[in-house]
Colleague: 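Here it is: the structure, laid out below.
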Amino acid sequence: MHPYLPNSPDNFRDQLRTNADARTSREQLDGLAALAVHDLSPVQIRNLAKAVLTATQSLTTDERDALGFVTAPVRILSEWTADHLVDSLVVAGLRRRVLFDVTFGSYGTIHQALMAPDTEEIQPRFVIFLLDIEKRAWSASISGSKGADQWAQQSLDEIEQLAALARQKWQATPIFHNFFNLGSTLFGNQEAAIDRGPGALIARLNAGLPQLARDGKLLLWDLQSLVLQGGRDSVLDLRLWRNAKMLISPTAAMRATDQLSALIGASLGRSKKVLVLDLDNTLWGGVVGDDGVNGLRLGQGSGEGESFTAFQRYAKSLRDRGIILAVASKNTHDVCVAAIQDHPEMVLTMDDFSCFRANWNNKADNLIEIAAHLNVGLDSLVFFDDSPAERDLIRQALPMVAVPEVPEDPTYYIDCLESARYFEAVSVSSDDMQRNAQYQANEQRNALMGEVRDLTEFLRSLEMTISIRRYNASDLVRITQLINKTNQFNLTTRRYTEDEVRLTGENPENILLSARVTDRFGDNGLVSVVIARPCEEGKGFLIDTWLMSCRVLARNIEHAIMKSLVQLAQQHGATYLIGWYSPTSKNQMVQAFYANQGFEPTEPHPAATPDVQWWRLELANYIEPSLVAKLENL
Amino acid sequence: MTRNEILATVSKLLAEILDEDSVELTETTAAPDVPGWDSFANINLMVSIEQAVGVVFKAHEIEALRNVGDLLNSIEQKLAARK
């Protein structure tokens, strides 16, 4: 059922009960998250979801953030029964450290729910529309003179309108599922060609939805892919549809909501960044140390060899779309390098791996090193290894690393990795496609660093240009990405959806800055985002967000941005800046950020949580730093 | 499977669904007699029985069930027809 999840432990119920006695909220939530990454029965899902509610109901959003869990208020507007999806959505969210707060609009009245004043306290960030496929497809297609194209356009217009209403009302991101045939065509094979019948209409609708997603009108939940994988009856129990209006049967609820949670998780920056691969029996068949390079099973000649080739090709495609590849293998380093360089059927090359650890050390230590070397958190790693013992070791030692249950047959490696949706993307920015080139340029920069002694000398030799500009719609995707995935150089770790960023940026009273950095080794892309909002009727600005990608650490880029921010704040008529540092488990590196920028400690905001530090800069006292980069204000 | 074995299986499945250590069911127990046995729990129970015992209910059969006795009759008939 769940190709990527291990079976649930026999003593699941006992573990769940013991966990409730854990001393701290952190232990409790981490324990629940560890239980969630199993293939669970509906009953186990229900009880786990209950435990999550108990463990989190007294925690504020900030407290949850501090424990590494992001809160996602979700409103479901539905034309069919969906109450049974909530528990599995909560559990699926737990796997990505997302806490879903689910509320429902009244059943069957989507338009009313969007028009009427909201009685719920919680403002949703995501609105999930669940539409009655049967009503739309059947009542439309068989009657009247309109063809499928016209009917489909009418439905698509309605969907676009609903999406726009949700944005207006809540500034929330609308999510729509695509459609599947409940089981009947009118004309058979030629239905779509004849341009009549439910099959034709569904085909048109499903073709039109991606365009709306591309235009940023909505996020698409690909429900149809579940039907294509397992057949209609694997998703829908027709009896329960007729009897209880359940489009997704209880047995399919977990698979469906896991997909949905990956989608929402991705838009909150919870997708993984790095795929760490084992070598023997993972990228090729056989053990290179025993079988030799020529004895490896890879490539044409056997189904098994073809499967390993296909898996390598899949990994390479992931790399090409911006996922970082690394190797952690218990092996002799030179033997592995020789295999990768010399085997004629090898698809991946040494250049494809941003970090390569083939040695006899403990794999947990290797993973820690890989994360440190790539400057990412351990929770950004996916560890793919055919050995159950190594997987168990990592699950025990590093529970924040995602460890899919690799199948014994390599034929299904891709299915396993894909079904987990670790690398779910909401949209792809041009920065993603260039990422690996950027990491390679970083290696060259580091090499230069080795030659040059003095830091200023080094920075000068980079010949940097820093281009700072105010919000521009073309940067929206990348800005949102950075806001949601930057953990280390991030003063406040506030997460915003694409819609929230757009609204903030389009308001001329706010200052939303982004910075791009190029140097003699290449374009680093858009690497830093700052959001400042006016306070005290514009006398000052409150720095709500200040973050930077770790690719460009220690290059004094923040000094250049502060200079631009100070200038802009002055142009707005402000006389001071307020900044705050909100500590998390990952952002210690910016603890002294405001002190280094010449800010003075100040009284905390009345609503502030106690561990947050507040800082103030009188603009009149600002001392311009000397910059070793060319600064362009656009 | 004897009628008593079927009853024991159904009781065990329902207890799991309601997260109880056990539930006491008799021939005349009806859903409203058991706290938590609502329409959703009932759907889960039917799906669980289908998987555990290997029978398939027709939609109208589920709707016609009045109490545990009816449920046991239905399962027994299906098991007998299978042989």
Side-chain angles (χ1 to χ4, degrees), chain A residues 1 8 10-17 19-20 35 39-54 78 80-89 91 102 104 107 182-183 233-256, chain B residues 6-25 29-32 34-68 70-75 77-79 81-82:
Chain A
M1 278 292 262
S8 68
D10 292 336
N11 61 351
F12 178 88
R13 205 158 168 235
D14 297 333
Q15 284 196 37
L16 194 57
R17 288 184 176 175
N19 191 66
L35 284 171
D39 192 4
L40 304 171
S41 72
V43 175
Q44 290 171 328
I45 289 164
R46 197 175 181 181
N47 294 330
L48 183 52
K50 258 193 237 162
V52 175
L53 193 69
T54 314
S78 184
W80 40 269
T81 304
D83 308 69
H84 65 297
L85 300 183
V86 175
D87 289 340
S88 34
L89 183 61
V91 170
V102 184
F104 281 88
Y107 170 73
L182 296 202
D233 292 346
S234 74
V235 176
L236 171 90
D237 185 326
L238 207 47
R239 295 168 304 171
L240 298 180
W241 171 247
R242 300 271 181 253
N243 171 306
K245 270 268 176 163
M246 245 181 213
L247 186 73
I248 297 173
S249 72
T251 43
M254 195 67 246
R255 279 187 303 143
Chain B
I6 300 172
L7 178 64
T9 304
V10 171
S11 306
K12 184 173 151 280
L13 292 172
L14 184 62
E16 274 180 23
I17 288 166
L18 302 178
D19 196 27
E20 300 287 343
D21 290 323
S22 63
V23 281
E24 289 295 324
L25 297 181
T29 309
V34 181
W37 191 353
D38 54 16
S39 60
F40 180 53
N42 200 52
I43 285 174
N44 272 332
L45 179 62
M46 294 302 148
V47 173
S48 309
I49 293 172
E50 289 188 339
Q51 286 178 344
V53 187
V55 294
V56 177
F57 298 104
K58 298 190 181 90
H60 62 85
E61 289 171 341
I62 298 175
E63 286 166 18
L65 299 174
R66 288 162 306 160
N67 56 27
V68 172
D70 284 354
L71 175 62
L72 299 183
N73 290 341
S74 175
I75 297 172
Q77 281 166 16
K78 287 178 188 302
L79 288 175
R82 212 169 52 179

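To find a chain, count down the sequence lines: A is the first, B the second, and so on, and within it residues start at 1. Note that these values count all heavy atoms, side chains included, but never hydrogens, waters or copies made by symmetry.
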Colleague: Between OG1 of A:Thr251 and CD of B:Gln51, what distance do you get to the nearest 0.5 Å?
Modeller: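 Nearest 0.5 Å value for the OG1-CD distance: 6.5 Å.
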Colleague: Would you mind checking which part of B:Asp19 comes under 4.5 Å of any heavy atom in chain A, side chain (CB onward), backbone (N, CA, C, O), both or neither?
Modeller: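 Backbone plus side chain of B:Asp19, per the 4.5 Å heavy-atom cut-off to chain A.
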Colleague: If you round to the nearest 0.5 Å, how far is CD1 of B:Ile43 from NE2 of A:His84?
Modeller: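 Between atom NE2 of A:His84 and atom CD1 of B:Ile43 there are 8.0 Å.
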Colleague: Distance from A:Arg46 atom CZ to B:Leu18 atom CG, nearest 0.5 Å?
Modeller: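 Answer for the CZ-CG pair, A:Arg46 versus B:Leu18, is 7.0 Å.
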Colleague: Might you work through the side chain to side chain contact (heavy atoms under 4.5 Å, CB included) test for B:Asp21 and A:Arg13, ending with a clear yes or no?
Modeller: CA-CA 11 Å; B:Asp21 290 323; A:Arg13 205 158 168 235; 3.5 Å; yes
Colleague: For the CD1 atom of B:Ile62 and the CG atom of A:Leu240, what is their distance to the nearest 0.5 Å?
Modeller: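 The CG atom of A:Leu240 is 7.0 Å from CD1 of B:Ile62, to the nearest 0.5 Å.
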Colleague: Any chance you could lay out the salt bridge (Lys or Arg N to Asp or Glu O under 4.0 Å) test for A:Arg239 and B:Glu50, step after step, and finish with the verdict?
Modeller: CA-CA 13 Å; A:Arg239 295 168 304 171; B:Glu50 289 188 339; 2.6 Å; yes
Colleague: Take atom CG in A:Asp10; do more than 12 heavy atoms of anything else shown fall under 6.0 Å from it?
Modeller: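 For A:Asp10, atom CG is not crowded (no more than 12 foreign heavy atoms under 6.0 Å).
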Colleague: From A:Asn47 CG over to B:Glu16 CD, what is the distance, rounded to the nearest 0.5 angstrom?
Modeller: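 Going from the CG atom of A:Asn47 to the CD atom of B:Glu16 covers 9.5 Å.
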Colleague: By a 4.5 Å heavy-atom criterion (distance strictly below it), what part of A:Arg242 contacts chain B: side chain, backbone, both, or neither?
Modeller: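 When you check distances to chain B, no heavy atom of A:Arg242 falls under 4.5 Å.
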Colleague: For A:Lys50, does the NZ atom have more than 12 heavy-atom neighbours from other residues, nucleotides or ligands under 6.0 Å away?
Modeller: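 Enclosed.
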